[in-house]
Protein chains: 2
Amino acid sequence: MGLTKSEIFTKEQNELSTLLKALAHPARIAILQRILISNTCICGDLVEELGLAQATISQHLKELKNAGIIQGTIEGVSICYCINPTTWRLLEKQLGAFLGSYKGETTCC
Amino acid sequence: MGLTKSEIFTKEQNELSTLLKALAHPARIAILQRILISNTCICGDLVEELGLAQATISQHLKELKNAGIIQGTIEGVSICYCINPTTWRLLEKQLGAFLGSYKGETTCC
DNA sequence: ATTTTATATTGCAATATTACGATCTATATA
DNA sequence: TATATAGATCGTAATATTGCAATATAAAAT
């Protein structure tokens, strides 16, 4: 099928998996790291730095934008993408709760 | 294509995205939450609880196992799956570093 | 030895993702 | 106004993912 049965899961489970999916690609991690380091971002730079075609990078940026992880504003000719603080904090919170709920090793395995 | 160009990214970027990909499905999040809560897991329970076919759940468990996130030992007739502490800690560390490198809002967007 | 129980594997159909060339759009500059 | 520049969108090919029925496997109980 290729179609996730979202309706049988909770809102939280679907939201978290959507955010994780947006992060789950090396190019998108690289893009985010680049934004995090420079605290700003112009798509053109990424094309030179990452070694992917301009259309491909634009598509990855779109996915990050759709997930709400980044936001962009027009800056003259180019577009400045940066982290969306609200989503980033949400991600930190949700993931922190999820990962933090592991209480160490069990006896069974 | 559908084929990620892994060779142009760093080992860290590829590793983190692989782990995130394994987590990026509501069913796999639900499975992990179930393991985290009960500190043990038997596949059969999940089939009843999640509303997915047994084959589908077995497949999700396999993906989590392949990513090293869970491990399973044979327990009589059934198999006991639980968190792999090493990978979980790695994930916490890598993700913590990644998410934590965001230093608050910028002036540009 | 046969049957039951629990889980894995196989095969397949539907859909999603990744990547890129080509093209379109909008702004800035000559 | 024409042209250059930055980025988005479209179309398409290749591959991956999701889900399940059917079947296989392996241990336990009868």
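Naming: A, B, ... by sequence-line order, numbering from 1 per chain.
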Can you find a side chain N or O atom of [X] that sits less than 4.0 Å from OP1 or OP2 on [N]?
X	N	value
B/Lys21	D/dT17	yes
B/Tyr81	C/dA8	yes
A/His60	C/dT17	no
B/Thr56	D/dC20	yes
A/Lys5	D/dC20	yes

Which is true for [X] with a 4.0 Å heavy-atom rule: it touches a base, it touches only sugar-phosphate, or it touches nothing?
X	answer
A/Ile57	nothing
A/Ser58	base
B/Ala55	base
B/Lys65	nothing
A/Ile74	nothing
A/Gln59	base

What's the [atom1]-[atom2] distance between [X] and [N], to the nearest Å?
X	N	atom1	atom2	value
B/Ile31	C/dT7	CD1	P	12 Å
A/Ile79	D/dT5	CD1	P	18 Å
A/Leu52	D/dG7	CG	P	15 Å
B/Asp45	C/dT5	CG	P	16 Å
B/Leu23	D/dT18	CG	P	12 Å
B/Leu46	C/dA6	CG	C1'	13 Å
A/Leu61	D/dA6	CG	P	15 Å
B/Glu7	C/dT18	CD	C1'	13 Å

Nucleotide nearest A/Ser78 when distance is taken to its side chain, options C/dA8, C/dA19, D/dG7
D/dG7
Return the nearest nucleotide to the side chain of B/Ile42; candidates are C/dT7, D/dC20, D/dA6.
C/dT7
Kindly indicate whether the side chain of [X], heavy atoms from C-beta on, has any atom under 4.5 Å from the side chain of [Y].
X	Y	value
B/Lys65	B/Leu61	no
A/Ile70	A/Asn84	no
A/Tyr102	B/Leu32	no
B/Glu7	A/Pro26	no

Quick check against the 3.5 Å criterion: does A/Arg28 have a side-chain atom that pairs as donor or acceptor with the backbone of A/Leu64?
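Side chain of A/Arg28 to backbone of A/Leu64: no pair is present.
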Can you say whether a donor on the side chain of A/Gln54 sits under 3.5 Å from an acceptor on the base of D/dA8, or the other way round?
yes
For the pair A/His25 and B/Phe9, name the ring-plane relationship: parallel under 30°, tilted 30 to 60°, perpendicular over 60°.
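Geometry flag for B/Phe9 against A/His25: perpendicular rings.
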A/Phe9 or B/Thr4: which one's nearest nucleotide on DNA chain D is closer to the 5' end?
B/Thr4
